[in-house]
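When reading the values below, keep in mind they use all heavy atoms of this one structure, side chains included, and skip hydrogens, waters and symmetry mates.
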Amino acid sequence: MDDLSNDRCQLSHFSGLILMALMNDADPIEGIVRHYDAAEDKDAFVLALAGTLLLRHRQWQAAQGKTGE
């Protein structure tokens with residue numbers, strides 16, 4: 001159970017870094033790549049990236065009144 005908690009913590013950390021890069025970096029892609037290069041667990045970073053971008057896309061769709069159906 002402890003490993004699962006650590007995995008979730010790591011994914012949350014990576015998601016936070018990705019969101020910060022998207023909102024604050026002048027070049028968000030460069031910021032994300034920089035965080036990817038620095039990540040020890042590249043697979044976990046990619047998983048966090050996919051989840052974060054999917055969530056942001058769904059939020060954007062909801063704001064636009066689209067359901068994706």
Side-chain angles (χ1 to χ4, degrees):
M1 187 85 150
D2 192 36
D3 287 340
L4 182 59
S5 179
N6 287 339
D7 290 345
R8 287 181 180 162
C9 184
Q10 189 174 32
L11 289 175
S12 293
H13 172 71
F14 287 148
S15 292
L17 292 175
I18 293 162
L19 288 171
M20 292 294 284
L22 289 172
M23 294 185 292
N24 296 328
D25 286 9
D27 184 355
I29 294 173
E30 183 179 317
I32 290 170
V33 169
R34 185 175 58 251
H35 291 305
Y36 172 82
D37 288 342
E40 287 185 28
D41 188 344
K42 306 267 193 253
D43 291 338
F45 187 89
V46 170
L47 179 61
L49 179 61
T52 302
L53 294 178
L54 180 60
L55 175 64
R56 294 298 293 161
H57 180 69
R58 296 286 185 181
Q59 290 171 335
W60 177 82
Q61 283 182 323
Q64 300 297 314
K66 300 176 183 177
T67 61
E69 296 176 353

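The cluster map of Ile, Leu, Val, Met, Phe, Trp and Tyr, joined by side-chain heavy atoms under 4.5 Å apart, puts Leu49 and Leu47 in different clusters.
Taking every heavy atom of both residues into account, Asp37 and Lys42 meet most closely at O-NZ, 3.0 Å. For Thr52 against Ser15, the heavy-atom pair with the smallest separation is OG1-OG, 3.1 Å. Of all heavy-atom pairs spanning Pro28 and Ala26, the tightest one is CD-O, 3.6 Å. Across all their heavy atoms, Tyr36 and Val46 have their closest contact at CE1-CG2, 3.8 Å.
Counting heavy atoms from C-beta outward, Ile18 and Leu22 have side chains that approach closer than 4.5 Å. By the 4.5 Å heavy-atom criterion applied to side chains, Ile32 and Phe45 are counted as neighbours. When side chains are defined from C-beta on, Gln61 does not count as touching Gln64, because their heavy atoms never get closer than 4.5 Å. Counting heavy atoms from C-beta outward, Leu53 and His57 have side chains that stay 4.5 Å or more apart.
A distance of 11.5 Å separates CG in Asn6 from CG in Asp41, rounded to the nearest 0.5 Å. Between the CD atom in Gln10 and the CD atom in Glu40 there is a gap of 8.0 Å [rounded to 0.5 Å].
Within 6.0 Å of atom CZ in Arg56, 12 or fewer heavy atoms from other residues, nucleotides or ligands are found, so the atom counts as exposed in its surroundings. For Leu54, the CG atom sits in a packed shell: over 12 heavy atoms of surrounding residues, nucleotides or ligands are nearer than 6.0 Å.
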